[in-house]
Amino acid sequence: MKIDKRAAITIAKHATDTAIKNSEIVRPYVKPSHYRRGLLALNALHYALRIADK
């Protein structure tokens, strides 16, 4: 099954948005520096996907 580029970007954008919103769940289980770095990476990916979706 082949998926077009726009649909793939939309799915990835929704997935990163959900991961950002639910990031508080993993906060107690990881080091604070790793949490901040991971959240920064998720936000950067989400921003790049928003730019690519335009």
Side-chain angles (χ1 to χ4, degrees):
M1 183 171 119
K2 191 168 182 167
I3 190 166
D4 68 342
K5 188 176 181 180
R6 172 80 87 206
I9 289 173
T10 303
I11 292 168
K13 196 167 70 169
H14 285 295
T16 56
D17 185 48
T18 302
I20 290 168
K21 288 179 182 175
N22 292 325
S23 66
E24 290 293 322
I25 295 170
V26 299
R27 189 176 207 169
Y29 304 107
V30 296
K31 289 174 33 177
S33 62
H34 291 170
Y35 175 77
R36 284 191 305 270
R37 196 176 315 149
L39 196 56
L40 180 68
L42 280 173
N43 281 313
L45 178 61
H46 186 68
Y47 181 73
L49 288 168
R50 279 185 25 212
I51 296 298
D53 198 23
K54 291 184 180 178

Can you give me the closest heavy-atom contact between Ile25 and Pro28, atom names plus distance? O-CD, 3.4 Å
Could you tabulate the donor-acceptor pairs under 3.5 Å formed by side-chain atoms of residues 33-45, not counting sequence neighbours?
from: Tyr35; atom 1: OH; to: Ser23; atom 2: OG; distance (Å): 3.1
from: Tyr35; atom 1: OH; to: Glu24; atom 2: OE2; distance (Å): 3.1
from: Asn43; atom 1: ND2; to: Leu39; atom 2: O; distance (Å): 3.1

With sequence neighbours excluded, give me every side chain to side chain donor-acceptor pair (under 3.5 Å) pair touching residues 45-54. Arg6-Asp53, Lys13-Asp53, Thr16-His46
With sequence neighbours excluded, tell me which residues meet side chain to side chain donor-acceptor pair (under 3.5 Å) with Lys5. none
With rounding to the nearest 0.5 Å, note down the distance linking CG in Leu49 to CD1 in Ile11. 11.5 Å
